[in-house]
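Reviewing the structure listed below.
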Amino acid sequence: MLEDQLRRYFGFTTFRPGQREVITDVVARHDVFAMLPTGSGKSLCYLLAGYQLQGLVVIVSPLLSLMEDQVQHIRLYGEKRVAALNSFLPYEERQSVLQQLKALRFLFVSPEMLQSRQLLERLQEVNVVLFTVDEAHCVSQWGYEFRPDYLKLADVRRQLGAPPCLALTATADQRVREDIIDKLKMSDCHQHIYSVDRKNIALKVEAVQGTLEKQDRLIELVSMLQGPGIIYFSTREWTEEGAALIHQYTDLRVAAYHGGMANEERRLIQNQFLNDEIDVVCCTNAFGMGVDKPNVRYVIHFHYPKHMNAYLQEIGRAGRDGRPSLAVVLYTESDHELPLYILQKEYPTEKQLEQVIAQYIKGQDKELVATIALDVGCSETAARFLQEHISWWAPEMDSQALKQRLLQRIQERIALKTKALWELQQWLKKDSCRRARLLTLYDERLETSPKCCCDHCGLQLADFSRQKTIPVSEVVMPWERRLRLLLDQKEGSYGKKD
DNA sequence: CGACATCGATATAAATCGATGTCGGTGCCTTATT
């Protein structure tokens, strides 16, 4: 009985919604796509399935820190036959893990590590019974440009004797779900889809006039709202700026967090936040995966993300304890163009593309494509994109066809991302229930509105304020800032329309 | 797009203005014969 094992290995008496169904399908050796809400115990699915299947479970994980956490977590249950294999491990330890694969039940690896010949050969010698892809939305979100090894996982799985595949995520719309299933070649796929609706998270969007007003509003909000909270920005520089502002005008304990910081520092801030030693984190989208903190009371977007899936992932870090929580987006009209420019930098221009192909034809060295691309001024992401796609397509095409095929792919990708961005922007401007609209994007319907639903359903910010509210008038605001704000607004009124 | 840095012109001089340029997010992995 599954329940017996649940009790024996983990000390729980009942399954959470979805767990039993997913495990049953996996044990029956089907491919399974599972979209379960955050905090619903996704890891238990592959753990328990692993015990049933009697062999090695490989878990593909996007972040080293996530692997470390999960390994520790599993060890707490008394399971010692678990390891993470990654560059963080000293060389000798890595070798020792490779030598002892047979003795392991659970192995955590990155998609990049799975490109190692040595690891692959070792894995071929043992009985891999389940291939798990955790945070599976990364396949679709990162595989095409940022981390191409995510698109090679299907081939890795085939080389391991095509064990069943379990893909786990908390947020993916229909298109992303189909993309994941397709890219992982999950042919015999059983899907378990649960609602993305988080009824205890109230949704609010505020349009403001200009950046200064946005900063002021941010300070008002964090002064007033019950924390702890997370604030998302779109650049590293702004996370520092935001943290400095909050430090200056409030007594809150605040820190910035972004991908440019040293790993130890990032780890420290994440831990301090988890231990309630920091009230507010000002961060880029680098922060969040694996941050399983129950009592986050609000998430503010100072800059909004690039698509709804990201928005849902980010606000989903609030209210995991089930208590009322708040998600606020602050936006100005001028926020609308920037994401498009950032998006285009992921790809080469037509001119760069021609230069790279011309150089490549001369040398025929796939490994050099990225170097050439960087030389002609491509971003690193664009260089990787070219490297990847040319190595797929160049063998079977002449340079003209290759160029056309690449241009077509670039256009497709940009169109797709522009549409996703547009969808989010439309949602921001929506003047009816935000939850209802959000759910239709995920093919769901809102049956009954929760008590605190959204700003179009009578949301009261006061319901989310601290016990001891600091009146806004007491928030220190020097006259220089006030004046600049006034001038800014005046200028804004002469600004261009739409 | 827009925030910010740099540069040159301006012209009783130091500081200011406008023109021009650059940059913007996410993370694995780096196993040397110069």
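Any value given below was found using the heavy atoms of this structure, including those in side chains, with hydrogens, waters and symmetry copies removed.
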Just how far, in rounded Å, is P of B/dC28 from CG of A/L85? 14 Å
Whole angstroms only, please: what is the CD-P distance between A/E241 and B/dA3? 11 Å
For A/F146 and B/dT26, say yes or no: do the ring centres fall under 5.5 Å of each other while the ring planes differ by less than 30°? yes
Name all residues meeting the side-chain hydrogen bond (donor to acceptor under 3.5 Å, both in side chains) criterion together with A/N285; count only those two or more places apart in sequence or in a different chain, and write none if there are none. none
Strand-adjacent residues in residues 342-355 of chain A, judged by heavy atoms under 4.0 Å from DNA chain B: A/I342, A/K345, A/E346
Under 3.5 Å for both distances, Watson-Crick or G-U wobble, that's the pair rule; now give the dot-bracket for DNA chain B, with | marking pairs to another strand and [ ] for crossing ones. ((((((((((....))))))))))..........
Establish, from distance only, whether the side-chain atoms of A/D375 and A/Q359 form a donor-acceptor pair under 3.5 Å. no
Using a 4.0 Å cut-off on heavy atoms, which residues in residues 259-272 of chain A reach DNA chain B? List them by number, or say none. A/G259, A/R266
Looking at A/R236, I'd like to know whether one of its side-chain N or O atoms comes within less than 4.0 Å of OP1 or OP2 on B/dC23. no
Sequence neighbours excluded, which residues qualify as side-chain hydrogen bond (donor to acceptor under 3.5 Å, both in side chains) partners of A/E314? A/H301
Approximate separation, where rounding is to 0.5 Å, of A/S234 OG and A/Y304 OH: 9.5 Å
DNA chain B-proximal residues of residues 137-145 of chain A, any heavy atom under 4.0 Å: A/W142
When the distance from CG of A/L245 to P of B/dA3 is rounded to whole Å, what number comes out? 14 Å
Is there a side-chain contact between A/S110 and the phosphate of B/dC29, meaning an N or O under 4.0 Å from OP1 or OP2? yes
